[in-house]
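This is a predicted model, so every value here is computed, not measured.
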Amino acid sequence: MSRVAGRFSRVEPRRRARAFVLGLLADLPRKNCWTIAEHAGDTSSAGMQHLLSRASWDADQVRDDLRDFVVDNLGDENPVLVVDETGDLKKGIATVGVQRQYTGTAGRIENSQVAVYLVYATSAGHAAIDPEGFPRTPVPVHTARLEPGDRLLVHSDGVTEGRDADGRPFGEDRFVDAVVRATADGLPVPEALRRLMRLVTAQQGDRLRDDATALLTARHPADLAGRRPHRGGRGIADALPGKPRGTTERTAPP
């Protein structure tokens, strides 16, 4: 707690924050403001509610302090980030994000709150973290203007860098050749993409060892404007809800 003490403007919320954390770490059958307040010796939950909703302290700086603590104590060159979606069933409607929605906790649509948690794990231990606290490198965005009949293919590096049993990569030359052949044969977008991915998976013995993701989209010729394209030639972009037919730009990360 000494690491984050300076983030609180008064001693009272700092002491209450310490009690709150100890309550979270305690072996309580159920954890909410009432049970944590009782664990701290309070007669009501008002103090804990005040800490979370109105007290003056910098949550963003505490988050950054937590990041530094995790790096200092659990830092590793090969960490694992564990993403877990957890649903909590709720009876009321006052909790943030609560609504009738599917939750894996119940296996059906229920009145619930669904949250996604991120855990940083290494051989030294693990800790829940907030990704907002980690520095981000801006991702360049590229925009391509498609002419009627043009196709745009976006793929992950696992497509070209996937290796066979002898360690030979699929390679960019073979990848480009496969794309050109599929295009020259006049295959519809879905079939062209299936042919390409069959080559990629076969080269790795039908067991992908890396992320191999590909997105192929096409702009239909102008003479198809206003008409529903043939089912076999329906592009991925046209299958997306809310995408008007004839859109001329596709934006995607590299």
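Nearest heavy atom pair, residue Val98 against residue Gly92, reads CG2-O, 3.8 Å. Summarising the geometry of Met48 relative to Ala40, their closest heavy-atom pair is CE-CB, 3.9 Å, with the distance given to 0.1 Å. Nearest approach of Ala106 to Leu89, heavy atoms of both residues: CB-CD2, 4.0 Å. Here the closest heavy-atom approach between residue Leu153 and residue Ala214 is recorded as CD1-CB, 4.3 Å. For the pair Phe170 and Val159, the tightest heavy-atom approach, listed with the atom from each and the gap, is CB-O, 3.6 Å. Across every non-hydrogen atom of His39 and Gly23, the tightest pair is ND1-CA, 4.0 Å.
Using a 4.5 Å heavy-atom cutoff, the side chains of Thr105 and Glu110 are not in contact. Using a 4.5 Å cut-off on side-chain heavy atoms (C-beta onward), Arg18 and Val21 make no contact. Looking only at side-chain heavy atoms (C-beta outward), Val200 and Arg174 stay at 4.5 Å or farther from each other. Between Ser112 and Lys90, every side-chain heavy-atom pair lies at or beyond the 4.5 Å cut-off. Contact annotation: the side chain of Gln113 never approaches that of Gln99 to less than 4.5 Å [non-hydrogen atoms, C-beta and beyond]. For the pair Leu28/Lys31, a side-chain contact is recorded, criterion being any heavy-atom separation below 4.5 Å from C-beta on. Looking only at side-chain heavy atoms (C-beta outward), Leu216 and Leu152 stay at 4.5 Å or farther from each other. Between Thr217 and Arg151, every side-chain heavy-atom pair lies at or beyond the 4.5 Å cut-off.
Using a cut-off of 4.0 Å between Lys/Arg side-chain N and Asp/Glu carboxylate O, Arg16 and Asp42 are scored as salt-bridged. A salt bridge does not link Asp60 to Arg7: none of the charged nitrogens lies less than 4.0 Å from a carboxylate oxygen. The residues Arg181 and Asp177 are annotated as salt-bridged, a charged nitrogen and a carboxylate oxygen being separated by less than 4.0 angstrom. No salt bridge links Arg145 with Asp150; every basic N to acidic carboxylate O contact stays at or beyond 4.0 Å.
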side-chain contact (heavy atoms from CB on, under 4.5 Å) evaluation trace for Arg3 with Asp72: CA-CA 12 Å; Arg3 183 184 287 261; Asp72 292 343; 3.7 Å; yes

Residue pair Asp68, Arg63: steps toward the salt bridge (Lys or Arg N to Asp or Glu O under 4.0 Å) verdict: CA-CA 9 Å; Asp68 294 340; Arg63 176 201 62 201; over 6 Å; no

Compile the donor-acceptor pairs under 3.5 Å between side chains in residues 74-83 and protein atoms, sequence neighbours left out, one pair per line.
{"unit_1": "Asp76", "atom_1": "OD1", "unit_2": "Asn78", "atom_2": "N", "d": "2.7"}

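Side chain of Glu85 to main chain of Gly104: no donor-acceptor pair is present (N/O by atom type, distance under 3.5 Å, no hydrogens or angles). Between the side chain of Gln101 and the backbone N or O of Ile109 there is no donor-acceptor pair closer than 3.5 Å. A distance-only check finds no donor-acceptor pair linking the side chain of Ser56 to the backbone of Ser9 [under 3.5 Å].
Enclosure of atom CZ in Arg10 is not indicated, since only 12 or fewer non-hydrogen atoms of other residues, nucleotides or ligands lie within 6.0 angstrom. Remark: Asp166 CG is packed, more than 12 non-hydrogen atoms of other residues, nucleotides or ligands lying under 6.0 Å away.
Screening residues 57-79 for ring pair (Phe, Tyr, Trp, His ring centres under 6.0 Å), with sequence neighbours left out, gives Phe8-Trp57.
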